There are 2 protein chains.
Amino acid sequence: MQGRDESAFSKDEVIIQREKLSDENLKRIIRDMGLKVTDQRLAILGVLSRGRAHVSAQEVFENVKPKYKEIGFATVYRFLKSLSEKQFVTEVRMGGFPARYELTPKSHHDHLSCSVCGKIVEFQNSDIERLQLLVAKNNGFKLTGHVLELYGICPDCQ
Amino acid sequence: MQGRDESAFSKDEVIIQREKLSDENLKRIIRDMGLKVTDQRLAILGVLSRGRAHVSAQEVFENVKPKYKEIGFATVYRFLKSLSEKQFVTEVRMGGFPARYELTPKSHHDHLSCSVCGKIVEFQNSDIERLQLLVAKNNGFKLTGHVLELYGICPDCQ
DNA sequence: GTCTATGCAAACTATTTGCAGGGAG
DNA sequence: CTCCCTGCAAATAGTTTGCATAGAC
């Protein structure tokens with residue numbers, strides 16, 4: 001999808017290591033939430049853990065449907081909501097696009113998203129993080145968190 | 001609201017000047033967009049320029065209604081959209097909440113807010129802006145905007 | 001007078017909820 | 001066997017669009 005050579009590879013861009021979760025892991029996550037293990041829930045979690053990060057409910061639905069043709073949107077939304085509430089997944093909303101979901105990453109990162117197609121790229125930049133701390137300190141604040149979302153037009157949409 | 005002395009004043013912090021727009025100014029804005037001047041449009045712009053920053057379409061509607069009881073949501077949305085497209089207002093979407101609109105500030109700024117008392121400090125930091133551009137460029141994106149919100153605990157609340 | 005803007009209602013998109021039956025523990 | 005979970009359909013919230021009329025220029 002990206003005819004980009006090594007030299008152009010940004011130091012900021014990160015390929016987040018999403019853990020490969022075994023079926024047993026998935027089941028434990030569900031049980032830890034105090035919920036029952038069902039095929040649908042396993043399938044939804046499977047999509048989140050195996051597939052591309054940042055999937056919309058629609059995409060989850062379409063990925064699960066081949067196996068469980070009778071699954072409904074309600075099931076997808078309801079489970080995604082449970083997962084969000086329990087912090088197992090993070091809901092990312094950008095622009096007017098449908099929410100996208102990712103397994104809550106171990107390592108912090110920010111998002112760069114395309115305002116045309118909605119594609120999301122993750123990045124980390126320690127210089128920005130450091131400057132944020134500085135701004136907070138200069139204002140006497142103790143920094144506890146931040147949201148940094150960059151909007152732009154991706155190479156494919158330009 | 002700020003029992004703080006001069007020495008603690010950060011170089012990053014800015015007090016945003018929100019311009020007081022006269023009726024003539026409002027009309028000019030509308031004409032400059034190549035649109036016709038109507039009472040409804042003046043009223044909508046008036047709400048944006050006089051009231052609190054970051055109003056939702058709903059709030060604009062409610063503020064205009066007393067004067068123009070027959071106004072419809074469509075008019076509000078349509079004009080807000082025109083204003084956004086022409087960059088006269090900026091659309092801010094956070095979480096799953098309805099979009100909020102503010103007259104595009106002359107000087108760009110970000111927010112540092114206290115998670116205890118809710119106080120908001122606006123700041124500018126050109127180093128961070130520069131780094132953001134770099135991140136976008138490294139990923140082949142054309143940067144069009146960003147949201148940077150820092151959360152922390154202010155001096156008074158620590 | 002011409003063409004844009006408006007109000008209304010209906011359409012649309014993303015998401016949530018009510019309900020009766022189905023399945024996990 | 002008991003609830004929780006599911007699918008379906010209907011409901012909701014925010015926003016957009018189609019259309020006939022009203023109004024700006």
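First the proteins, then the strands, lettered A, B, ... as listed; each starts at 1. Just so it is clear, the structure is predicted and the values come from calculations on it, not from any experiment.
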Please report the distance, rounded to the nearest Å, between NZ in Lys36(B) and P in dT2(C). 13 Å
Closer to the 5' end of DNA chain D via nearest nucleotide, is it Val37(B) or Arg100(B)? Arg100(B)
Taking 4.0 Å as the cut-off, does a side-chain nitrogen or oxygen of Thr38(A) come that near to OP1 or OP2 on dC5(D)? no
Nearest-nucleotide 5' precedence on DNA chain D, Lys69(A) against Phe73(B): Lys69(A)
Applying ring-ring contact (aromatic ring centres under 6.0 Å, His included) to His146(A) and not counting sequence neighbours gives His108(A)
Nucleotide dT15(D), atom C1' - distance to CZ of Phe97(B) in whole Å: 17 Å
Ile71(A) CD1 - dC8(D) P separation (whole Å): 10 Å
dC25(D) P sits how many Å from Leu35(B) CG, rounded? 11 Å
Gln40(B) side chain near dG23(D) phosphate (N/O to OP1/OP2, under 4.0 Å): no
Nearest whole angstrom, please: distance from the P of dG7(C) to the CG of Asp39(B). 10 Å
Has Arg93(A) got a side-chain N or O lying under 4.0 Å from the OP1 or OP2 atom of dA14(C)? no
Sugar-phosphate, base or nothing in reach of Gln58(B), heavy atoms under 4.0 Å: nothing
What ring pair (Phe, Tyr, Trp, His ring centres under 6.0 Å) pairs are there with at least one residue in residues 62-104 of chain A, not counting sequence neighbours? Phe61(A)-Phe73(A)
note: Tyr68(A), atom OH; dC8(D), atom P; distance rounded to Å ~ 16 Å
Arg78(B) side-chain N/O to dA5(C) phosphate OP1/OP2 under 4.0 Å: no
Whole Å only: how far is the CD1 atom of Ile30(B) from the P atom of dT4(C)? 17 Å
Kindly say if Tyr77(A) contacts the phosphate of dT16(C), meaning a side-chain N or O under 4.0 Å from OP1 or OP2. no
